[in-house]
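For reference, the structure discussed in these notes is given below.
Proteins come first, then strands; the chains are lettered A, B, ... in the order of their sequence lines, and each starts at number 1.
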Number of protein chains: 2
Amino acid sequence: MVPTLRGGGLSRLRQLNVLTAIAALRAAGPLTLSALAGRTGLSRPSTKEVVDELMRLGWVEETPPAQGTLGRPARRYRFRAGSGHLVGLDIGGHNIRAALADLNGVIISETRRPVEPDTPLDERLAAIEHAVAGCLALGGKTIEDVWVLAAGTIGVITPEGRILYCAAVPAWTGFDLAGHLRRLFPCEVLVENDSRLAARAEAVRGAARDVADAVYLHVGRRMGTAVIIDGKVHRGFGAASGEIAMLPQARLFDASEHLQSCAVIPEGTPPADAAGYTLAAARAGDPVALAAVERYAGDLAVGTSAMVLLLDPQVVVLGGGFSRSADVLLPPLRARLERACMRLPDLRASTLGDECVVTGAIDYAVAHLDDQHFTPDAPLPTPR
Amino acid sequence: MVPTLRGGGLSRLRQLNVLTAIAALRAAGPLTLSALAGRTGLSRPSTKEVVDELMRLGWVEETPPAQGTLGRPARRYRFRAGSGHLVGLDIGGHNIRAALADLNGVIISETRRPVEPDTPLDERLAAIEHAVAGCLALGGKTIEDVWVLAAGTIGVITPEGRILYCAAVPAWTGFDLAGHLRRLFPCEVLVENDSRLAARAEAVRGAARDVADAVYLHVGRRMGTAVIIDGKVHRGFGAASGEIAMLPQARLFDASEHLQSCAVIPEGTPPADAAGYTLAAARAGDPVALAAVERYAGDLAVGTSAMVLLLDPQVVVLGGGFSRSADVLLPPLRARLERACMRLPDLRASTLGDECVVTGAIDYAVAHLDDQHFTPDAPLPTPR
């Protein structure tokens, strides 16, 4: 749970100044008093007062002076991002990843547990516990240090965090994931669709940074999509956005089969590696693999054109497992979009790799902290 | 053009107070000083000062006292919405409509001129001039009274108001509509896609009022779509959103053919009335017409499902010519969306009729006035 300052709290104006200073320090890193005053618009004496207050509360500390500076350097102050911790969780069909981060969203440790889509529910839930315990142990923390845990998973999820429908993991449909995680972990729990979290990571720190509108394609054995409008991931009225792959005519749902079942794949290759073979062979110029990639891009282009024609985004981001082969996939996809769309958006490959969902989960927890706790409408959290 | 107060202008603070009062009076209608003070947060003496200023400027007038009130009623003040005028224009394939409105967007007069998709460009442009002249004459105004003219038209339009591509009206592709209208009319000119304007009218005063996210279907001989996100019509990076009908797999572009070429239509029926016959026959229970409606709804449901699955909107609004037959069209469309989508949005029929685009054009002009002229960043307009 997020510990909060109770009784003897700050006056309203003082709290507003404190929040403004915290926001400036979180956004900019260590600052001198003058620089902080410049960013907050507070007078220098008020800034000094607020910083003293924040140091007393434990939210701010002085940074060690920079080496090799001549004369007496001005003191610099920073937000104590290690005062609390966040956990991000990616519960996928084939992997469960957990990451521990500080309050600025900087990732400290990560763990991964392999599962299968048909892993029984109790084993899947045990793997989740182990993954979280693993990243906590690696980071030298316990679950009591964690303020917010944000979990991303496949499937259509209700606003309350129950899984309404999951085609990829049969045991998942109907499961109250948020309820289960809340019983398991004594912190705030958020549950969100994994493609939307990956898109959030792209918007916050990835290929869609500084872009107002983008379409996100999560390409891998399973296909997901998400939409960024005005810099925000669009959730939908019932938290059910991004499910265009469920429409057969969009040709997205089974598109990966072209890569998964290509003749170039050696017999006995585990399914997890199959598409990788096809993509590598295509990169090497194998005509059979190239034809499979063309068919894959052809299917992908149908649903993607629908999204691009509807929304006219500035950027399309290719993320997820197959995006490591963006060099092979983007040229045929671009050629098809150019023919089908009025205006070709900028096509970009994600650079967040397999950590995109877990990173987005951390960013979701950071945003929750800002919206719900570092706000004038709530008591100020108290650092550990 | 919007006449503005130059030289001897108001101080910044005075201007902010004046704009706050204008916004409150425009939103709420006639108010007493106390009610206006309550809405603006200004003290009563400041409110009095601001109202005096606004009366001096000509922006505010006293309303006649209400009849039958006992005692001396408190004075009430209102915004002089007739101080300037706006023109909305709908340049369609088969009709050109023009409407004259006051600064609150209340429509005073309307005219319509029939055209055809293959009407030569010079005749089409002459019809536009006649339609505008007609609504001005009906409203007893001249073009010099008009501050902003907003035109909606079919096709993909550049942000600068040139028509990039128009499948329905061949002569339209490549035409610099904004440039032409600016040469023709001595007022500010805005050009926007017609489906987006119709969607705006739904968001401002129609079926999507008070809704954050909606998908708008413009159904008629020609098919258009638009998306409302967070209460705002989504325009797209290159102003090219809403063109999903251009994707053959979305099955929207030619869907109306099922209604236009049904066997129940008497020979010699003009194309403008053909679909109406089919829809009326379906309403009367004719099995051939009902089958045509089913095929139409089947096609419409494919592209609509793509939009609904992608965005999970609260509402789908059916607007445009065919929406007068929503009683016939919505049940089969609803049945198909129910099967294809995760969550069925509320399906609503537009009540704005054939005036939806021209109404949206007026609403666009009102929003432009608010954003560009009734703002602290511009000199205050001066009333006529």
Side-chain angles (χ1 to χ4, degrees), chain A residues 155-159 164-167 193 196 211-215 225-230 232 234-253 298-299 301-316 337 339-346, chain B residues 155-159 164-165 167 193 196 211-216 225-230 232 234-253 298-299 301-316 337 339-346:
Chain A
V156 182
I157 300 157
T158 68
L164 201 62
Y165 177 76
C166 182
N193 171 273
R196 285 203 292 268
V211 163
D213 304 331
V215 158
T225 66
V227 164
I228 297 166
I229 304 273
D230 248 346
K232 289 187 303 188
H234 178 72
R235 199 169 196 220
F237 186 69
S241 71
E243 297 295 339
I244 190 173
M246 289 181 65
L247 185 74
Q249 290 91 340
R251 302 244 300 268
L252 297 171
F253 195 82
D299 280 0
V302 176
T304 307
S305 297
M307 295 186 268
V308 168
L309 283 164
L310 182 64
L311 298 172
D312 185 26
Q314 184 179 353
V315 168
V316 171
L337 293 182
R339 283 198 294 276
C341 299
M342 278 311 303
R343 200 189 61 76
L344 184 71
D346 194 9
Chain B
V156 182
I157 300 157
T158 67
L164 201 62
Y165 177 75
N193 171 274
R196 285 203 294 268
V211 164
D213 304 331
V215 158
Y216 175 74
T225 67
V227 163
I228 297 166
I229 304 273
D230 248 346
K232 289 187 302 188
H234 178 72
R235 197 167 197 221
F237 186 67
S241 71
E243 297 295 338
I244 189 172
M246 290 181 64
L247 185 74
Q249 290 91 340
R251 303 242 301 266
L252 298 172
F253 195 82
D299 280 358
V302 175
T304 307
S305 296
M307 294 186 268
V308 168
L309 283 164
L310 181 64
L311 299 171
D312 185 25
Q314 183 179 352
V315 168
V316 171
L337 293 181
R339 284 199 293 275
C341 299
M342 278 310 305
R343 199 188 62 76
L344 184 70
D346 194 7

Residues in side chain to side chain contact (heavy atoms under 4.5 Å, CB included) contact with B:Ala214, at least two apart in sequence or another chain: B:Ala208, B:Val211, B:Ile228, B:Val315
Nearest-0.5 Å distance that lies between atom CG in B:Leu247 and atom CD in A:Gln249: 10.5 Å
Where A:His234 and B:Asp213 come nearest, the two heavy atoms and their spacing: CE1-OD2, 3.2 Å
B:Val302 versus chain A, the contacting section by heavy-atom distance below 4.5 Å: both
Residue A:Ile229 versus chain B: region with a heavy atom under 4.5 Å: side chain
Selection from B:Ala245, B:Gly236, B:Ala340 maximising heavy-atom pairs under 4.5 Å formed with chain A: B:Gly236
Distance (rounded to the nearest 0.5 Å) between B:Met307 CE and A:Leu311 CG: 10.5 Å
Test item: A:Arg343 and B:Leu164 side chains (from C-beta on) under 4.5 Å apart, heavy atoms: no
Which portion of B:Ala239 sits near chain A, non-hydrogen atoms under 4.5 angstrom: backbone
Per-residue contact mode, A:Ala250 against chain B (heavy atom under 4.5 angstrom): neither
Exercise: identify the closest heavy-atom pair between B:Arg235 and A:Asp312: O-OD2, 4.4 Å
